[in-house]
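Here is the naming used below: chain letters follow the sequence lines, and residue numbers restart at 1 for every chain. No experiment lies behind these values; they were computed from the predicted model shown.
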Amino acid sequence: MELAFYLSALMAVLATLGVMTNPNPVHAVLYLVVSLLAVALVFFALGAPFAGALEIIVYAGAIMVLFVFVVMMLNLGQATVDQERQWLQPRTWLGPSVLATVLLLTLVSLLWRGDIQAVIEGGGLTARGVGTLLYGPWLLLVELGALLLLAALVTASHVGRIGKVAAPSPAPRDLPTGASTPANGQAHQPSTNGVAGEDV
Amino acid sequence: MNGVPMEHGLVLAAVLFALGLGGLMFRRNMIFVLMSLEVMLNAAGLAFIVAGTGWQQPEGQAMFLLVITLAAAEASVGLALLIQLYHRFRTLNLDVASRMRG
């Protein structure tokens, strides 16, 4: 169990480093999937199999598939990779890395000087206990979580629709005569008709 | 050696959180910013799990469930904003969305 913990912890850190330093979005998403699977293995090694299964199903299964879909849909090519590689200069990442390292050192030194004295031996916690807690004293929090998900659904479906957006072109006045406006990439967009009330 | 000391799990969570924070600060592409946010939320959930299993309380896993809910909501809204950004500016560079001079 200890070996599994340390190995998967190392894997999680390395894969997260891969996410942070990779210029290609698709590769970074796949590194993030590996990192989440490694964290799920950490959960299994610590004796929380319910959380590990949830991590795989929800994080690596649902959220990461959403990321992969979006990356595939945007069809980012070599130009994005080149621009990312250009942005990843040492003078860009040196300052933030120093700040994050200082934060990390502070956290680690605080953890080292405390006396937690707890040793995780695994086992004992089942999904039954979690369910009893969630549907007993924490029922209000479950309801609030459901409300949060509903709000996120409404927000995503409102924000994410691609309709007649206000184009950043400077001359929106003479649109009726000019069906031959310079095509700024929106002429072939599928325009949904249900949002015609907000034409700017 | 039997059992993992709780400090090691919390140090792992701190390392993941610091990595995510660094990526959040030095990346300019919105996809990478969202991925760094996911890493940070995941590190917070890991800290909850470590504390819950260390003290043998089910509250840690219940809080992890709520963290996952929050992460799912954040990812969906963030990706919708990303699609809208790409549709308007044809780029994912966050610096172009600066009409409010922020």
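Note on A:L111: it clusters hydrophobically with A:V42, by side-chain heavy-atom contacts below 4.5 Å among ILVMFWY residues. Transitive grouping of hydrophobic side chains (ILVMFWY, heavy atoms separated by less than 4.5 Å) keeps A:L105 and B:L21 in distinct clusters. Grouping the Ile, Leu, Val, Met, Phe, Trp and Tyr side chains by contacts below 4.5 angstrom, directly or via other members, places B:F32 with B:V96. Note on A:Y135: it clusters hydrophobically with A:L148, by side-chain heavy-atom contacts below 4.5 Å among ILVMFWY residues. Put simply, A:V119 and B:F48 are part of two different groups of oily side chains (I, L, V, M, F, W, Y) that touch within less than 4.5 Å, one to the next.
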Problem - Evaluation steps, side chain to side chain contact (heavy atoms under 4.5 Å, CB included), between B:V39 and A:M20 - result: CA-CA 10 Å; B:V39 168; A:M20 294 310 151; 4.2 Å; yes
Handout entry: side chain to side chain contact (heavy atoms under 4.5 Å, CB included) evaluation trace for B:F26 with A:L88
Key = CA-CA 8 Å; B:F26 71 70; A:L88 279 178; 3.8 Å; yes
Exercise for the section: I would like to know whether B:L19 and A:V13 meet side chain to side chain contact (heavy atoms under 4.5 Å, CB included); could you show each step before the answer? Expected result: CA-CA 8 Å; B:L19 278 176; A:V13 171; 4.3 Å; yes
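If you measure heavy-atom distances from A:I63 to chain B, the contacts under 4.5 Å come from the side chain alone. In this structure, chain B has a heavy atom under 4.5 Å from the side chain of A:L103, while its backbone stays farther away. Heavy-atom distances place the side chain of A:V58, and not its backbone, under 4.5 Å from chain B. Proximity to chain A (any heavy atom under 4.5 Å) is restricted, for B:I49, to the side chain, taken from C-beta onward. Proximity to chain B is limited to the side chain of A:L107, based on heavy atoms less than 4.5 angstrom apart. Contacts between A:L54 and chain B at a heavy-atom distance below 4.5 Å involve backbone atoms as well as side-chain atoms. Looking at B:L79, only its side chain comes within 4.5 Å of chain A, counting heavy atoms on both sides. Contact of A:L46 with chain B is made through backbone and side chain together, with heavy-atom distances under 4.5 Å. Within the 4.5 angstrom heavy-atom criterion, no atom of B:L85 approaches chain A. For a residue to count as touching a neighbouring chain, one of its non-hydrogen atoms must lie under 4.5 Å from one of that chain's; by this rule A:L144 does not touch chain B. Heavy atoms of B:L82 lying under 4.5 Å from chain A belong exclusively to its side chain. When heavy atoms are compared at a cutoff of 4.5 Å, B:L70 approaches chain A by way of both its backbone and its side chain. The contact between A:V70 and chain B is made entirely by side chain atoms (from C-beta outward), counting heavy-atom distances below 4.5 Å. Neither the backbone nor the side chain of B:E74 comes within less than 4.5 Å of any heavy atom of chain A. Interface remark: B:L66 contributes side-chain atoms only to the contact with chain A (heavy atom separation under 4.5 Å). Contact annotation for A:P23: only backbone heavy atoms (N, CA, C, O) come within less than 4.5 Å of a heavy atom of chain B. Only the side chain of A:W138 has a heavy atom closer than 4.5 Å to any heavy atom of chain B. Using a 4.5 Å cut-off between heavy atoms, B:L12 touches chain A through its side chain atoms alone. Looking at A:L133, the atoms closer than 4.5 Å to chain B (heavy atoms on both sides) all sit in the side chain, from C-beta outward.
Residues B:R28 and A:E84 are not paired through a salt bridge, judged by the lack of any N-O separation under 4.0 Å between the basic side chain and the carboxylate.
Checked against a 6.0 Å centroid threshold, the rings of A:F5 and B:H8 do not count as neighbours.
By number of non-hydrogen pairs under 4.5 angstrom with chain A, the leading residue of B:G23, B:G45, B:A71, B:A75 is B:A71. With respect to chain A, the highest number of heavy-atom pairs below 4.5 Å among B:A62, B:G22, B:G54 belongs to B:A62. Options A:V39, A:V71, A:T132 differ in how many heavy-atom pairs under 4.5 Å they form with chain B, and the most are formed by A:V39. Of the listed residues (A:P96, A:A152, A:A100), the greatest number of heavy-atom pairs within a distance under 4.5 Å of chain B belongs to A:P96. Annotation: maximal heavy-atom pairing with chain A below 4.5 Å, among B:V15, B:I83, B:N42, B:V11, occurs at B:N42. Chosen from B:G78, B:S76, B:G20, the residue pairing most often with chain A at heavy-atom distances under 4.5 Å is B:S76. Ranked by heavy-atom pairs shorter than 4.5 Å toward chain A, the options B:T53, B:L92, B:L81 are led by B:T53. Ranked by heavy-atom pairs under 4.5 Å with chain A, the first of B:I31, B:V77, B:N29 is B:N29. Ranking A:T80, A:L94, A:V142, A:V29 against chain B, the residue ahead of the rest is A:V29, based on heavy-atom pairs under 4.5 Å. Considering only heavy-atom pairs separated by less than 4.5 Å from chain B, the leading option among A:V108, A:N22, A:L153 is A:N22.
Using a 4.5 Å heavy-atom cutoff, the side chains of B:M25 and A:W93 are not in contact. Using a 4.5 Å heavy-atom threshold, the side chains of B:R27 and A:W87 count as separate.
Although no hydrogens or angles enter the test, the distance criterion places a donor-acceptor pair under 3.5 Å between the side chain of B:Q84 and the main chain of A:V159. A donor-acceptor pair under 3.5 Å is absent between the side-chain atoms of B:Q61 and the main chain of A:F50, judged by distance alone.
Note that the CD atom of B:E38 and the OG atom of A:S35 stand 11.0 Å from one another [nearest 0.5 Å]. How far CE of B:M30 is from CG of A:L74: 11.0 Å, rounded to the nearest 0.5 Å.
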